[in-house]
Amino acid sequence: MSEGERLTELAKRRGFFFPAAGAYGGAAGFWTYGPQGAALKSNVEEAWRDRFVVKEGHQEISAPDVMPEPVFEASGHLDGFDDMIVECGECGATHRADHVVEDNTDIEEAESLPNEEVMAIIADHDIPCPSCGASLAGEPVENFNLMFETNIGPGTSSPGYLRPETAQGIFVEFPQLSEYARNQLPFGVAQIGKAYRNEISPRKSLVRVREFTQAELEHFVDPEEDEPPLDRVEDVVLPLYSGESQQADDGGQVDLTVGEAVTQDVVASDWVAYYLGVAKDWYERVGVDMDRFRFRQHLPGELAHYASDCWDAEAEIDGDWIEITGFAYRGSYDLDKHAEHSGEDYTVFKQYDDPVTVERPTVDPDMSYLGPEFGGVAGEVADALDALAARDPEAFDGDEVSVEVGGESYTVPVEQTNFAVEEVTESGEHVTPHVVEPSFGVGRIVYTVLAHAYATDEVDGEERTYLDLPAEQAPTTVGVFPLMDRDGMDDYAHDIAGALRAAGHSVTYDDSGAIGRRYRRQDEVGTPYCVTVDYESLEEDTVTLRERDSTAQKRVSIDGLAETLEQLTAGETTFDDL
RNA sequence: GCGCCGGUGGUCCAGUGGUAGGACAUUGGCUUCCCAAGCCAAUAGCCCGGGUUCAAUUCCCGGCCGGCGCACCA
């Protein structure tokens with residue numbers, strides 16, 4: 001059985017995750033997290049929040065899942081997510097229409113052409129189906145959009161879309177968010193939420209799904225000035241698989257510290273390098289096996305439209321590397337787009353320490369001259385003069401100056417332009433922040449953590465399955481059992497379970513079946529500790545504390561039991577030291 | 001979306017043109033004072049629709065779901 005298969009089996013049996021709406025046949029790409037899975041996922045999210053929001057001093061928001069169409073016009077998802085598809089009438093295979101055109105003609109960027117035109121090109125060139133060779137001429141070219149569409153309110157006049165990434169919810173609100181950050185760069189805004197993509201074919205359980213949870217951070221920085229606090233992570237070792245290595249015949253993964261990766265320019269962006277370092281430690285914390293983990297650089301052809309450099313965190317399962325996080329330097333792409341489409345201001349005003357005085361060439365053309373002289377183009381001539389002054393002030397050195405408007409040359413006496421060089425005092429400038437984006441796929445991380453935690457060993461000649469989840473992530477912290485369900489041991493155990501719950505622990509009480517069976521149940525859901533009440537407990541107020549991974553037991557006092565568990569799960573003490 | 005394979009209690013499987021059986025799990029009881037023990041009992045299933053047939057879980061067609069390959073993965 002593959003790792004994936006045995007995990008899927010355990011996940012369903014123990015309540016981690018299973019296909020949604022199975023009673024109605026299910027819907028591909030949708031999964032329900034059961035009690036254990038929801039708890040694990042929530043713990044992973046909480047650990048992310050702790051590290052990427054709280055510890056970094058960032059802010060978290062929660063934007064809607066549905067946004068109106070213009071948001072996605074601006075973000076590029078309406079076009080970029082919209083694939084042109086042509087279906088072969090012979091074999092039924094579907095192909096990217098723009099791709100078959102590009103592959104069979106000299107035409108580039110066929111995606112930007114209208115569907116009818118692409119269809120005509122296919123017919124003109126009699127392009128064959130890549131699968132079966134039959135002609136695709138005459139087959140309709142249609143759109144397939146990966147976004148789920150809906151209508152906002154009654155009717156269809158106001159289309160909306162389920163967001164295909166949570167990021168746009170942050171970008172679009174930048175003007176407000178900047179205000180809350182007192183317009184001071186840098187600042188980071190995070191969001192944990194659902195995103196939706198109508199994938200053509202969902203695969204591999206939680207890996208490729210149609211509804212998923214993202215944990216994204218958009219760190220807005222001043223590209224001129226802001227530097228990441230690299231000293232905090234410079235010694236973190238990164239397993240890097242660079243684009244260069246991927247393309248080399250004998251290339252492989254190279255371990256470099258964050259500091260080395262930056263000085264050797266393996267990771268181009270210091271900001272990306274910083275977050276690779278932060279993230280590496282975080283993956284280890286939540287239970288990703290570092291022997292099955294790497295950072296892989298996107299190849300040039302793989303880069304998204306907005307990214308200048310991008311690294312993925314990947315985890316290995318069943319021999320496949322799956323992307324669990326993307327680290328992208330998005331530049332000012334997103335804010336520029338929203339500024340352009342919305343007409344709102346997506347910049348911050350950066351005030352200089354000292355105002356600077358600059359010499360600025362200006363013109364103030366005498367329109368009472370230009371008007372009669374040039375008629376309808378007078379305004380354009382004036383604009384051209386203005387632009388020329390900024391570009392080439394020396395053009396105004398002579399008696400006359402010429403500009404071109406609409407292919408015609410217009411000559412104006414310099415005297416009439418009122419050319420001057422003024423001293424202007426500037427107190428600052430408008431800056432469009434650049435964005436550093438670590439984007440985590442929570443479900444994939446949960447899946448990876450489970451796959452990597454899956455372990456078997458032998459206890460008293462019997463095979464045992466357990467999840468060696470980090471205590472912090474485990475759905476349940478402690479199982480509490482009465483050795484026998486009688487003689488007051490049950491009451492005593494109930495009291496302990498109640499006290500531990502009151503102290504904030506996640507507790508499972510179980511009095512069913514033999515004690516060994518109960519241990520194994522908890523092993524399979526990764527519960528790190530079990531407490532058992534026996535006859536001795538009733539007289540001496542002690543219990544046995546059992547550790548999951550070693551199955552070792554120690555007798556401890558019930559006084560301070562909650563604190564002991566707290567220290568164990570926080571890693572402040574070890575079981576061996578008890 | 002195309003192709004191949006598959007879909008039987010919660011899980012893993014066996015089996016059959018006359019509506020099914022095991023193992024594990026679950027629940028109750030007995031037993032048992034620390035690692036899935038034993039005994040008794042109970043609960044629980046043929047993915048959906050259509051067709052062929054006296055009769056379909058079984059054969060055929062379509063759908064849905066899953067795995068794999070191709071394509072896709074901004």
Side-chain angles (χ1 to χ4, degrees), chain A residues 1-2 4-6 8-15 18-31 34 72 75-83 85-88 90-96 99-100 111 129-132 142 144-147 164-165 167 197-205 207-210 302-307 318 320 322-323 326 328 457-466 481-487 489 512-524 530-538 543-548 550-553 555:
Chain A
M1 213 194 303
S2 74
E5 284 169 336
R6 66 185 195 182
T8 302
E9 185 266 313
L10 176 72
K12 183 160 191 196
R13 194 160 47 77
R14 288 299 183 196
F18 52 90
Y24 292 95
F30 295 93
W31 295 79
F72 301 111
S75 70
H77 287 98
L78 208 53
D79 290 333
F81 244 47
D82 203 15
D83 290 339
I85 285 186
V86 61
E87 185 174 342
C88 174
E90 197 65 35
C91 72
T94 52
H95 303 281
R96 286 278 298 266
H99 288 185
V100 299
E111 194 174 2
C129 167
S131 299
C132 72
E142 283 166 345
F144 177 75
N145 197 308
L146 253 43
M147 285 195 292
E165 61 174 15
R197 296 180 193 180
N198 201 0
E199 295 281 355
I200 295 172
S201 84
R203 284 288 163 88
K204 286 179 192 275
S205 158
V207 175
R208 223 156 122 206
V209 292
R210 291 187 164 129
E302 200 179 350
L303 286 174
H305 51 38
Y306 50 73
D318 279 324
D320 291 333
I322 62 172
E323 176 192 347
D457 63 1
E458 203 169 279
V459 175
D460 292 343
E462 297 273 357
E463 189 179 343
R464 176 178 76 123
T465 298
Y466 65 105
F481 318 138
L483 185 59
M484 311 287 288
D485 190 21
R486 62 177 185 224
D487 298 334
M489 283 180 278
S512 162
I515 192 73
R517 177 181 298 270
R518 285 177 261 168
Y519 287 142
R520 300 303 168 85
R521 280 187 191 129
Q522 295 308 312
D523 288 340
E524 278 200 331
C530 290
V531 163
T532 300
V533 172
D534 55 20
Y535 283 102
E536 211 175 318
S537 306
L538 304 179
V543 291
T544 59
L545 183 63
R546 181 242 194 204
E547 184 187 45
R548 176 195 63 207
S550 65
T551 74
Q553 282 177 287
R555 182 156 283 277

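In what follows, every chain begins at residue 1, and chains take the letters A, B, ... in the order their sequences are listed. Keep in mind the model is a prediction, meaning the values are calculated, not measured.
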Phosphate contact ([N] OP1 or OP2) by [X] side-chain N/O below 4.0 Å:
| X | N | result |
| --- | --- | --- |
| A:Ser512 | B:U27 | yes |
| A:Arg548 | B:C35 | no |
| A:His99 | B:C72 | yes |
| A:Arg96 | B:C73 | yes |

Who does [N] pair with, Watson-Crick or G-U, both distances under 3.5 Å?
| N | value |
| --- | --- |
| B:G17 | none |
| B:U32 | none |
| B:A42 | B:U26 |
| B:U53 | none |
| B:G3 | B:C68 |

NA contact type, [X], heavy-atom cut-off 4.0 Å: base, sugar-phosphate, or nothing?
| X | value |
| --- | --- |
| A:Gly34 | nothing |
| A:Thr8 | nothing |
| A:Gln553 | base |
| A:Ser2 | nothing |

For [X] and [N], give me the distance from atom [atom1] to atom [atom2], rounded to whole Å.
| X | N | atom1 | atom2 | value |
| --- | --- | --- | --- | --- |
| A:Trp31 | B:G66 | CH2 | P | 7 Å |
| A:Phe481 | B:A36 | CZ | P | 13 Å |
| A:Leu10 | B:C24 | CG | C1' | 14 Å |
| A:Arg521 | B:G10 | CZ | P | 18 Å |
| A:Arg486 | B:U32 | CZ | C1' | 8 Å |
| A:Arg518 | B:U27 | CZ | P | 11 Å |
| A:Ile322 | B:C73 | CD1 | P | 19 Å |
| A:Lys204 | B:G66 | NZ | P | 14 Å |

For A:Arg520, is there an ion pair with A:Glu462 - N to carboxylate O distance below 4.0 angstrom?
no
Is the closest basic N to carboxylate O distance between A:Asp320 and A:Lys204 below 4.0 Å?
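Salt bridge: yes.
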Distances for protein N/O vs nucleotides 4-7 of chain B N/O pairs under 3.5 angstrom?
none

Produce the list of close N/O pairs, under 3.5 Å, pairing protein atoms with atoms of nucleotides 11-14 of chain B; give distances to one decimal.
| from | atom 1 | to | atom 2 | distance (Å) |
| --- | --- | --- | --- | --- |
| B:U11 | OP1 | A:Lys12 | NZ | 2.6 |
| B:U11 | O2' | A:Glu9 | OE2 | 2.8 |

Could you give the distance separating [M] and [N] at their [atom1] atoms, to the nearest angstrom?
| N | M | atom1 | value |
| --- | --- | --- | --- |
| B:C46 | B:G10 | C1' | 16 Å |
| B:U27 | B:A37 | P | 13 Å |
| B:C61 | B:G6 | P | 13 Å |
| B:C13 | B:G49 | C1' | 27 Å |
| B:A25 | B:A44 | C1' | 11 Å |
| B:A42 | B:G22 | P | 12 Å |
| B:U16 | B:C59 | P | 10 Å |
| B:U52 | B:U57 | P | 15 Å |

Please state whether the base of [N] and the side chain of [X] form at least one donor-acceptor pair under 3.5 Å?
| X | N | result |
| --- | --- | --- |
| A:Arg203 | B:G69 | yes |
| A:Glu199 | B:C73 | no |
| A:Arg546 | B:C35 | yes |
| A:Tyr24 | B:C64 | no |
| A:Thr544 | B:C34 | yes |
| A:Asp534 | B:C33 | no |

Between [atom1] on residue [X] and [atom2] on residue [Y], distance to nearest 0.5 Å:
| X | Y | atom1 | atom2 | answer |
| --- | --- | --- | --- | --- |
| A:Thr551 | A:Arg464 | OG1 | CZ | 5.5 Å |
| A:Glu524 | A:Arg548 | CD | CZ | 12.5 Å |
| A:Glu463 | A:Asp457 | CD | CG | 8.5 Å |

Hey, does the side chain of [X] reach the backbone of [Y] with a donor-acceptor pair shorter than 3.5 angstrom?
| X | Y | result |
| --- | --- | --- |
| A:Asp534 | A:Glu536 | yes |
| A:Asp318 | A:Ser2 | no |
| A:Arg518 | A:Pro482 | yes |

Considering only [options], which nucleotide approaches the side chain of [X] most closely?
| X | options | answer |
| --- | --- | --- |
| A:Arg555 | B:C34, B:C72, B:C35 | B:C34 |
| A:Met484 | B:C33, B:A36, B:C70 | B:C33 |
| A:Ser201 | B:G1, B:C65, B:C33 | B:G1 |
| A:Arg517 | B:C72, B:A37, B:U27 | B:A37 |
| A:Arg520 | B:A36, B:G66, B:C72 | B:A36 |
| A:Ile515 | B:U27, B:C68, B:C35 | B:C35 |

What are the two closest non-hydrogen atoms of [X] and [Y], and how far apart are they?
| X | Y | result |
| --- | --- | --- |
| A:Cys530 | A:Tyr519 | CB-CE2, 3.7 Å |
| A:Asn198 | A:Arg210 | OD1-NE, 3.3 Å |
| A:Gly29 | A:Pro202 | CA-CB, 3.7 Å |
| A:Val209 | A:Glu199 | O-CG, 3.7 Å |
| A:Asp523 | A:Arg546 | OD1-NH1, 2.7 Å |
| A:Thr532 | A:Val543 | O-CB, 3.5 Å |

Residue pair A:Glu524/A:Tyr535 against RNA chain B: nearer the 5' end by closest nucleotide is A:Tyr535
Assign each of A:Leu146 and A:Gly26 the nucleotide of RNA chain B bearing its closest heavy atom; nearer the 5' end lies the nucleotide of A:Gly26
